[in-house]
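Report on the structure given below.
Chain identifiers are assigned alphabetically (A, B, ...) following the order of the sequence lines, protein sequences preceding nucleic acid strands; residue numbering begins at 1 within each chain. Keep in mind the model is a prediction, meaning the values are calculated, not measured.
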Amino acid sequence: MQLSKYLPYNKHTLKSFFSFERTPLNMFMVGLSFALVGMLGFGIIEYLLQGHHAYGVTRQHAWGLLIAMYVFFVVSSTGLCIISSMGHVSNIKAFQIIGRRAIAGAIIMILSGFVVLVFEIGHPVRMVIYNVLTPGFTSAIWWMGTLYGLYLVFIILEFFFLNNENHKYSKIFGLSGLIVGLAAHSNLGAVFGFLVARPIANGVFFPLYFILSAMVTGSYLIFLIYGWRYKMKFPPEVEHMLHTLAKVLGLLLAVLIFFEVWRSLTAVYGGMPERADIAIHMIMGANFLVGEMLLGILIPFTIIIISKGKAIKTMVYASVTGMVGIFFMRYDLVHDTQLAPMLNLKIREYSVAPSLVEYIPTSTEWMISIGALGVSFIMYYTADKFFNLDHKESDIH
Amino acid sequence: MARYGMALDYKSCINCKACESACKEENGILLGADKHRIWVGVNDIAGIFPDLSIGSSSFEPSQCQQCDNAPCQEVCPTSATYYDDNGVVRVNPDQCILCTYCMQACPYDARYIDDRTLTVDKCNFCSDTRLANGETTTACQATCPTKVRIFGDLDDPTSEISQVLRDREHYSLKEHLGTKPKLFYLT
């Protein structure tokens, strides 16, 4: 059986696989990717030696940087899926050219997320077994995990049919992937939103916000991926797509600002304990002001507004700050949810009553979390080598 | 089958921590500041000398509240957390995947990671170590020198706990969350 008959791919020798243009930027990315994967390897060794003791997580702050990074990756995946669906599912012509590359990115991002999650969940193999044998249907994690598994299957099939230029089936699986992806992703929001014990997270906000911020993340990633692919020399159809995307992104960011403003106001208003105090701590912090707002929202938003969406090259650079901001959004989401101690009395002598729960990620957590980006880069390079991710005439229909 | 609960006459607590020690001994809980199924919370004396508020000082022994509507059970993705026949919220370590979602969901900080099994552990009213052997007390109750704890069947109207809950005013922690705790603080 020949695989290429079913899934067209480029054949490579080891030499041709590793051959690329030796530009300074390419060399930098190669060095960066290997450094990141090396970090990941070192982090994994630390984890295998010490288990969760290698992490800075505690009884009061059981979720740390790895969960934040997992959320970061799956948000990116869902975002790419949503944005690409605007083309080959919703038939918006400008976006029809991004399908293959965006869906490859979505697969890569969710796989990278799973890489991180494997080292956070204590018993990943047991998880697969008992997820099926004794499902907890009232658990948002069960729904999120199961739906993401299904989502991965659908987007792989979508990619398969896109690659085979079978637009009928790519559309069917694209729509299935989109629906299941939206369900999975809003469930990830509900993982936090369902926490009745934690007023700062409890409620409808996170399931909605996750979908919105996924679309913002997907847009930033499209800018980055296409900026990298064409090294800023965009063909006209890509330029048109990025112009359109910039306008869509402007609208999404405006809605995101609106969300953030009202979330902050409703959280602070009335001074409800464990919500208002945490919200004030959050919105007065550098993570929120500089990370989330300035880098993640305001810089890209200002560029879009001033240039009326035309400065697509600048937007590629702004997408780097945007993604850094998105990372802060994920980190803050996980950290701020756990800031309020569940036990307000001191239980040890020579101590004081707990105020806010402290958490500092360890070097192992940083190595695994950031190192997983190297896995994404290498998977993207591999996908780009083996598959024709560029658009074709037949993609526009 | 019983529906076990516990009443705490917390104003009698002298913070000797015998209950913490007995729990560790009885259930083989590992040493370490974070590794405990039960604890005694301390409200320090408020104010600045000489205007100290002696009345503000109190001790609040606590543990898993054995909720009838337990958030930890609701969020468990593999049903590792379950209610046993006696209404006790327990963890099956064979099914626990250590996602620690239950630790996020518990409003009482009653769960911790047991480094022996690498799963989440919590108070189970000594179900394995005492109740299974036919005993009718928990280790923390049996050891308490000032008789703070009253353990028993809430469904049995003749049990000591049922009588004391009828006779004395009591409250539960974070009742507004709808968790329906089975730990009652006697006032």
With a 4.5 angstrom heavy-atom cut-off, which part of B:Val42 approaches chain A: side chain, backbone, both or neither?
both

Looking only at B:Val120, B:Ile113, B:Asp109, most heavy-atom pairs under 4.5 Å shared with chain A are made by B:Asp109

Report which part of A:Ala340 has an atom under 4.5 Å of a heavy atom belonging to chain B: side chain, backbone, both, or neither.
neither

Looking at chain B, which one of A:Thr337, A:Leu117, A:Ile129, A:Val191 has the largest number of heavy-atom pairs inside 4.5 Å, strictly under?
A:Val191

Pick whichever of B:Thr100, B:Thr81, B:Thr179 has the most heavy-atom pairs under 4.5 Å with chain A.
B:Thr100

If you compare all heavy atoms of B:Thr78 against all heavy atoms of A:Asn131, which two are closest, and at what distance to 0.1 Å?
CG2-N, 4.0 Å

Quick check on the interface: out of B:Thr119, B:Asp44, B:Leu177, B:Ile97, who has the most heavy-atom pairs with chain A under 4.5 Å?
B:Ile97

Hey, mind stepping through A:Glu349 and B:Asn15 against side-chain contact (heavy atoms from CB on, under 4.5 Å) and telling me if it holds?
CA-CA 11 Å; A:Glu349 289 308 316; B:Asn15 195 20; 3.5 Å; yes

Donor-acceptor pair, distance only, cut-off 3.5 Å: does the side chain of B:Ser79 make one with the backbone of A:Pro135?
yes

For A:Arg59, which atoms come within 4.5 Å of any heavy atom of chain B: side chain, backbone, both, or neither?
both

B:Gln104 and A:Trp63, any side-chain heavy atoms less than 4.5 Å apart:
yes

Exam field: side chain A:Arg126 to backbone B:Cys96, donor-acceptor pair closer than 3.5 Å
yes

Contact part of A:Val57 toward chain B, heavy-atom cut-off under 4.5 Å: side chain, backbone, both or neither?
neither

Tell me, out of A:Phe192, A:Phe194, A:Trp142, who's got the most heavy-atom pairs with chain B below 4.5 Å.
A:Trp142

Is there a side-chain contact between B:Glu20 and A:Ile347 (heavy atoms, below 4.5 Å)?
no

Does atom CD of B:Glu25 have more than 12 heavy-atom neighbours, drawn from other residues, nucleotides or ligands, at distances under 6.0 Å?
no

Do B:Tyr101 and A:Leu195 come close enough that some side-chain heavy atom pair is under 4.5 Å?
yes

Distance only, no hydrogens: is a donor on one side chain within 3.5 Å (strictly under) of an acceptor on the other, for B:Asp115 and A:His53?
yes

For B:Met103 and A:Ala62 the tightest heavy-atom approach is CE-CB, 4.0 Å

With rounding to the nearest 0.5 Å, note down the distance linking CG in A:Leu345 to OG in B:Ser62.
8.5 Å

Measure B:Cys99 against the heavy atoms of chain A and call it side chain, backbone, both or neither at under 4.5 Å.
both

Should A:Lys346 and B:Glu60 count as an ion pair when the cut-off is N to O under 4.0 Å?
no

Under a 3.5 Å cutoff, is there a donor and acceptor pairing between the side chains of A:Thr138 and B:Glu74?
no

When the 4.5 angstrom heavy-atom criterion is applied to B:Ala80 and chain A, the contacting part is neither

Does A:His123 reach the main-chain N or O of B:Leu118 with its side chain, forming a donor-acceptor pair under 3.5 Å?
yes

Measure across A:Ala197 and B:Ala105 and return the closest heavy-atom pair with its distance rounded to 0.1 Å.
CB-O, 3.5 Å

